[in-house]
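Accompanying notes for the structure given below.
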Amino acid sequence: MHSPAKGQLFAIYYPVLATFGVPANIAAIAILSRGRCGLSKCITWYLVFMAVTDLLVIITAVILNRIGGIYLQKSFLSTTSACRVSTVLIYSSRDSSVWLTVAFTFDRFVAICSQKVKKMYCTEKTAAVVIGTICILSCLKNIPFYFAYEPLYTINNVAWYCSRKLSFYLSSIWTAFVWFDRLLTPCLPFLMMLLLNALTVAHILGANRARKRLRAHSSGGNQSDPEMEKRRKSIVLLFTISGTFILLWLIYVINFLYGRITSTNYFNGFNFNNIKFVLQECGNMLQLLSCCTNACIYTVTQSKFRQELKNTVKYSLNLVTKVLHQ
């Protein structure tokens with residue numbers, strides 16, 4: 001049975017998520033765009049557009065879809081046309097966010113593990129091309145979802161809500177497309193980030209041992225190593241971002257694999273006593289939470305980002321104070 005108390009979790013969780021996620025990502029975009037955080041232009045491009053796509057996910061999936069569905073029932077957002085467009089935008093922004101995280105992970109893998117390739121690949125121009133390609137392909141790939149839905153009912157010639165067409169479940173073409181969609185996001189990115197991080201760790205451990213032996217032999221002491229310190233900061237940022245992504249998407253991936261292995265369909269009911277529903281919604285909630293974590297990661301791991309954030313907050317407070325005293 002439906003539990004009102006448990007059902008209120010959604011009514012609280014998603015507004016809190018949006019209240020934190022929107023300003024956090026806007027602040028990250030504004031601060032990183034200034035280029036004062038001591039990061040290369042290549043890294044800055046990836047981080048800025050990761051924040052942009054995360055912001056789009058929060059706007060489309062959290063505000064328009066989840067919060068709109070809870071508080072704005074029978075508004076324009078509930079019409080079939082708006083629902084179809086919203087679905088395409090949600091999937092497109094989600095895919096862009098996920099694959100930009102993969103692109104950032106690969107860029108750092110190249111920068112850390114191959115100095116020769118780094119000079120050619122880890123550039124501002126390459127980052128712009130990769131980001132543009134990911135965003136365009138994500139939009140094109142999700143257009144078919146627009147045609148997967150039909151009106152739930154029609155009143156006064158106005159089509160309301162979205163219901164998946166019967167052919168979506170019966171057609172082999174749609175079945176293949178859903179498999180392609182789920183494997184492309186998030187299963188393949190999930191595996192790629194695990195592999196890239198494992199290879200990066202192996203390379204770092206080997207390189208650090210060799211560098212320590214070389215410095216000990218040449219200097220005979222334990223002097224500080226600026227190169228290793230610079231590398232350490234880059235590694236902390238990389239592993240924190242990709243590690244957080246893996247953890248927050250883990251339940252979503254497990255839920256998908258479990259459903260496909262056991263041939264269990266997506267649970268459409270609303271029942272907190274059903275383990276499939278709980279697992280499904282926990283996966284969705286944590287997956288959306290991943291769009292709010294990067295700004296926190298920058299604050300924790302990057303001292304210059306923290307300083308820029310403090311300066312921005314001080315400037316905003318001073319501006320508000322001046323306006324109130326006029």
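Positions are given from 1, in the same order as the sequence printed here. Predicted model, so just to flag it, every value in this text is computed and none were measured.
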inquiry  = Please determine whether residues Leu247 and Leu279 belong to a single hydrophobic cluster, defined as Ile, Leu, Val, Met, Phe, Trp and Tyr linked transitively by side-chain heavy-atom distances below 4.5 Å.
reply    = no
message = Nearest 0.5 Å, please: how far is CE in Met285 from CZ in Arg66?
response = 9.0 Å
inquiry  = Using the rule given for side-chain contact (heavy atoms from CB on, under 4.5 Å), can you reason through Phe104 versus Leu100, listing the C-alpha separation, both sets of side-chain angles and the distance that settles it, and then say yes or no?
reply    = CA-CA 6 Å; Phe104 169 75; Leu100 285 176; over 6 Å; no
message = Counting C-beta onward and ignoring hydrogens, is there a side-chain heavy-atom pair between Ile67 and Val62 closer than 4.5 Å?
response = yes
note = Heavy atoms of Phe256 and Leu183 approach each other most closely as CE2-CD2, 4.4 Å
key: Smallest separation among heavy atoms of Arg306 and Thr299, with atom names   = CG-O, 2.6 Å
key: Gln280 and Asn284 side chains, donor-acceptor separation under 3.5 Å   = no
query = Shortest non-hydrogen contact from Ile246 to Leu194?
reply = CD1-CD2, 3.6 Å
Connected via hydrophobic side-chain network under 4.5 Å: Phe20 and Ile297 = no
message = Please tell me whether Tyr161 and Phe145 are part of a single hydrophobic cluster in this structure, the criterion being side-chain heavy atoms less than 4.5 Å apart.
response = no
request  = Might you point out which heavy atoms bring Leu77 and Leu64 nearest each other, and give the distance in Å?
outcome  = CD1-O, 3.9 Å
inquiry  = Side-chain heavy atoms nearer than 4.5 Å, only ILVMFWY residues, links allowed to pass through others: does that put Val320 and Tyr315 together?
reply    = no
note = Closest heavy-atom pair, Tyr146 versus Ser81, reported as atoms and distance to 0.1 Å, is CE1-O, 4.5 Å
request  = Would you name the heavy atoms of Ser290 and Asp54 that are closest together and state the gap between them?
outcome  = O-OD2, 4.4 Å
ask   = For Tyr169, does its backbone N or O pair with a side-chain atom of Arg164 as donor and acceptor, under 3.5 Å?
value = no
query = Passes side-chain contact (heavy atoms from CB on, under 4.5 Å), Ile26 versus Leu55? Steps please.
reply = CA-CA 7 Å; Ile26 290 175; Leu55 178 61; 4.0 Å; yes
key: Side-chain touch Ile58/Cys292, heavy atoms, less than 4.5 angstrom   = yes
query = With distance as the sole test, does Asn255 use its side chain to make a donor-acceptor pair with the main-chain N or O of Ile251 at under 3.5 Å?
reply = no
Hphob cluster co-occupancy, Leu191 + Phe180, side-chain heavy atoms under 4.5 angstrom = no
request  = Could you check whether the rings of Trp174 and Phe177 sit parallel, tilted or perpendicular, using 30° and 60° as the cut-offs?
outcome  = perpendicular
inquiry  = Any side-chain to backbone donor/acceptor pair from Thr105 onto Thr101? Under 3.5 Å, distance only.
reply    = yes
message = I want to check something: taking the side chain as every heavy atom from C-beta on, are Arg108 and Ile43 in contact at a cut-off of under 4.5 Å?
response = yes
task = May I ask you to test the Leu286-Trp249 pair for a side-chain heavy-atom distance under 4.5 Å?
result = no
Within-4.5 Å side-chain heavy-atom neighbours: Gln302 and Leu237 = yes
query = Do the side chains of Tyr298 and Ile241 get nearer than 4.5 Å, heavy atoms only?
reply = yes
request  = Would you mind reporting whether Asn294 and Leu47 have side-chain heavy atoms less than 4.5 Å apart?
outcome  = no
CH2 on Trp160 to OG1 on Thr79, rounded to 0.5 Å = 6.5 Å
task = State, with a plain yes or no, whether a side-chain heavy atom of Val102 is found less than 4.5 Å away from one of Phe245.
result = no
ask   = Okay, side chain of Trp99, backbone of Leu184: is any donor-acceptor separation there less than 3.5 Å?
value = yes
request  = Say whether, by atom type as modelled, one donor and one acceptor occur between the side chain of Thr123 and the main chain of Lys119 under 3.5 angstrom.
outcome  = no
message = Could you check whether any side-chain N or O of Ser171 sits under 3.5 Å from a backbone N or O of Phe168, counting only pairs where one atom can act as donor and the other as acceptor?
response = no
message = Measuring from atom OG1 of Thr126 to atom CG of Asp107, what distance do you get when rounded to the nearest 0.5 angstrom?
response = 8.5 Å
query = Once you round to the nearest 0.5 Å, how far does CD of Gln115 lie from NZ of Lys118?
reply = 5.0 Å
